[in-house]
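One structure is given below, encoded as structure tokens.
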There are 2 protein chains.
Amino acid sequence: MNKEDIKEAGLKITKPRMRILNILESSAQKHFSAEELFHILSNEEDNSGIGLATIYRVLTQFEAAGLVIRHNFEGGQAVFELDSGEHHDHIVDMKSGKIIEFQDEIIEKRQEEIAKQHGYRLIDHCFILYAEPLED
Amino acid sequence: MNKEDIKEAGLKITKPRMRILNILESSAQKHFSAEELFHILSNEEDNSGIGLATIYRVLTQFEAAGLVIRHNFEGGQAVFELDSGEHHDHIVDMKSGKIIEFQDEIIEKRQEEIAKQHGYRLIDHCFILYAEPLED
DNA sequence: CTCAGTGCAAACTATTTGCAGATTT
DNA sequence: AAATCTGCAAATAGTTTGCACTGAG
């Protein structure tokens, strides 16, 4: 339950934090920019006037707490998704903007090898495929 | 020769463009941010007062012409490198900030397969390993 | 001579921060 | 009540743009 997640992060349970976590958890869409969240929240009936700055602050706190992951896809705005614990990478559909997730053992294994070959220990990686549908 | 490259891009041969291309071509370092180039140019004896805006403009034109590649590594500033024609990916040394280039057939092949599996044609990709030296 | 290119300052976009008042515990 | 949190506006960082002037061809 999301209340627990917030509490475990050492954060107080507030309306903005609940709302944001809720949207992230219960939407078909999984990736949101701060501004998208802002617009969704602004259009809710129970509009509580949550500011954009707060959304950024909450997302940054959630990121630090390991609740969400921030991605810097191209196109200016960062997008955030819930950290499901299952690592995956992304295909960005350049036609529709849709984001597809995938997991690939070959890539995961290979990147470790590459890092090691060069005398490094992998900390993080960024693997994004920008692509267009085969039948245009 | 770089004059040719500039001309072929349909651009006039100007001091800022020559200087920038020169630095990119003849430095040990291969990756530069706009600001780094700005500082290098500002410190040259023959300081011709090249503005930061010009550097951004020139780099953007060079990118459009296929002369340079722009990378958005994490840490705010974009970095630019000459497009040698040989595709490669990068390891970013989080300790020193150094950038290591590598080529890997397994990764290249695999990403094509992944895109195809999902019904996509690969347009571009971003593969960056953030890592630290093994012996800290 | 003409049109592209440049420097500068101002504009912009995405994000962060300071502060005084509102909320959570 | 104490401490955290929030909204707002102002600040920042990186990059882009408008404009009058300069310079390449």
Side-chain angles (χ1 to χ4, degrees), chain A residues 2-22 31-44 46-65 67-80 97, chain B residues 1-22 31-42 44 46-65 67-80 97:
Chain A
N2 49 32
K3 275 191 189 176
E4 303 310 315
D5 298 331
I6 296 174
K7 215 178 289 179
E8 275 168 32
L11 300 170
K12 289 185 176 174
I13 293 162
T14 64
K15 210 181 308 183
R17 303 216 254 242
M18 289 290 287
R19 290 280 169 77
I20 291 171
L21 204 43
N22 244 300
H31 302 78
F32 296 86
S33 68
E35 217 153 348
E36 281 176 320
L37 290 169
F38 179 64
H39 286 127
I40 293 169
L41 289 167
S42 299
N43 294 333
E44 284 187 347
D46 182 5
N47 177 354
S48 32
I50 295 170
L52 184 54
T54 299
I55 295 174
Y56 274 108
R57 258 183 305 227
V58 168
L59 287 171
T60 303
Q61 293 160 339
F62 282 0
E63 187 190 14
L67 287 177
V68 308
I69 301 174
R70 177 193 307 245
H71 297 288
N72 292 304
F73 297 153
E74 58 180 47
Q77 290 169 253
V79 302
F80 301 81
Chain B
M1 213 294 191
N2 48 34
K3 276 190 189 174
E4 304 310 316
D5 297 331
I6 296 174
K7 216 178 287 179
E8 276 168 33
L11 300 169
K12 290 187 177 172
I13 294 162
T14 64
K15 209 181 310 184
R17 303 215 254 241
M18 290 290 286
R19 291 284 169 76
I20 290 170
L21 204 43
N22 245 300
H31 302 77
F32 296 86
S33 67
E35 218 152 350
E36 280 175 321
L37 290 169
F38 179 64
H39 285 125
I40 293 169
L41 290 167
S42 299
E44 283 187 348
D46 183 4
N47 177 355
S48 33
I50 295 170
L52 184 55
T54 298
I55 295 174
Y56 274 109
R57 259 183 303 226
V58 168
L59 288 171
T60 304
Q61 293 160 339
F62 283 0
E63 186 191 14
L67 288 177
V68 309
I69 301 175
R70 178 194 304 247
H71 296 288
N72 292 304
F73 298 153
E74 60 181 46
Q77 289 168 254
V79 302
F80 300 81

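Just so it is clear, the structure is predicted and the values come from calculations on it, not from any experiment. Labels below follow one simple rule: chain letters A, B, ... track the order of the sequence lines, proteins then strands, and each chain is numbered from 1.
Look at CD on B:Glu36: it is 14 Å from C1' on D:dG14, rounded to the nearest Å. One interatomic measurement links the two molecules: CD1 of B:Ile55 to C1' of D:dG14, which rounds to 14 Å at whole-angstrom precision. When rounded to the nearest whole Å, the span between CD of A:Glu35 and C1' of C:dC12 equals 13 Å. Between the CD1 atom of A:Ile6 and the P atom of D:dC5 there is a distance of 11 Å, rounded to whole Å. Distance, B:Leu52 CG to C:dA11 P: 18 Å, rounded to whole Å. One atom, CD of B:Gln61, and another, C1' of D:dT16, lie 12 Å apart when rounded to the nearest Å. Rounded to an integer number of Å, the gap from CG of B:Asn72 to P of C:dT13 is 18 Å. For the pair A:Lys3 NZ and C:dT24 P, the interatomic distance rounds to 11 Å; values are reported in whole Å.
When the side-chain nitrogen and oxygen atoms of A:Arg17 are compared with OP1 and OP2 of D:dT6, one or more of them lie within a distance under 4.0 Å. The side chain of B:Tyr56 places an N or O atom within less than 4.0 Å of a non-bridging phosphate oxygen (OP1 or OP2) of D:dT15.
At least one side-chain heavy atom of B:Phe32 sits under 4.5 Å from a side-chain heavy atom of B:Ile40. Side-chain atoms of B:Phe62 and B:Asp5, non-hydrogen and from C-beta on, never get closer than 4.5 Å to each other.
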With 3.5 Å as the limit, what N/O pairs link the protein to nucleotides 18-25 of chain D?
from: D:dG18; atom 1: O6; to: B:Arg57; atom 2: NH1; distance (Å): 3.2

- Item | Audit row: A:Arg70, A:Thr60, side-chain contact (heavy atoms from CB on, under 4.5 Å) steps and yes/no | CA-CA 9 Å; A:Arg70 177 193 307 245; A:Thr60 303; 3.3 Å; yes
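Residue pairs meeting the salt bridge (Lys or Arg N to Asp or Glu O under 4.0 Å) criterion with at least one partner in residues 47-62 of chain A, sequence neighbours excluded, are absent.
Counting any heavy atom pair closer than 4.0 Å across all strands shown, A:Ala78 reaches sugar-phosphate atoms only and no base atom.
The minimum heavy-atom distance linking B:Ala78 with B:Asn72 is given by the pair CB-OD1, 3.6 Å. Minimum interatomic distance between B:Lys3 and B:Ile13 (heavy atoms only, all atoms of both residues): O-CD1, 3.9 Å.
The main-chain N or O of B:Val58 is never found under 3.5 Å from a side-chain atom of B:Arg17 such that the two would form a donor-acceptor pair.
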